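Just below is one structure, and these are the notes that go with it.
Computed from a predicted model, the values in this text were never measured in an experiment. No hydrogens, no waters, no symmetry mates; every other heavy atom, side chains included, goes into these values.
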Amino acid sequence: MESISQRLKCKREEMNLLQTQLAELVGMTQQSLQAIEAGLTKRPRYIVELSSALNCDPHWLLYGKNINQEINGH
């Protein structure tokens, strides 16, 4: 997966969450979440909250790699 927008949308759909549901879990507006998924927001301020709600690593959500993969050179 190439971008944060693609990774976010894929994880949200895997968890069967609507944008409104995820936005409410995170404490952001649905419009803000929609902007991230549309690729308009590249570095969302709610990255930690989004990754927590989606049960994934924030570094992976932003960059496509887990921090341990980068440290180990994988």
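With 3.5 Å as the limit, one finds a donor-acceptor pair spanning the side chains of Gln30 and Gln19.
The side-chain heavy atoms of Leu17 and Glu24, taken from C-beta on, include no pair separated by under 4.5 Å. Using a 4.5 Å heavy-atom cutoff, the side chains of Ile36 and Leu50 are in contact. Two residues are said to be in side-chain contact when any heavy atoms from C-beta on lie closer than 4.5 Å; Leu22 and Leu54 meet this criterion. Using a 4.5 Å heavy-atom cutoff, the side chains of Ser3 and Gln6 are in contact. The closest side-chain heavy-atom distance from Arg7 to Trp60 is below 4.5 Å.
Heavy atoms only, all atoms of each residue included: Glu37 and Leu8 are closest at CG-CD2, 3.9 Å. In terms of heavy atoms, Gln21 sits closest to Leu18 at OE1-N, 2.7 Å. Across Ile4 and Pro44, no two heavy atoms sit closer than the pair CD1-CD, 3.6 Å.
Here the OG-CG distance, from Ser32 to Leu40, works out to 11.0 Å after rounding to the nearest 0.5 Å.
Among pairs with a residue in residues 42-52, those fulfilling side chain to side chain donor-acceptor pair (under 3.5 Å) read Arg43-Tyr63, at least two apart in sequence or across chains.
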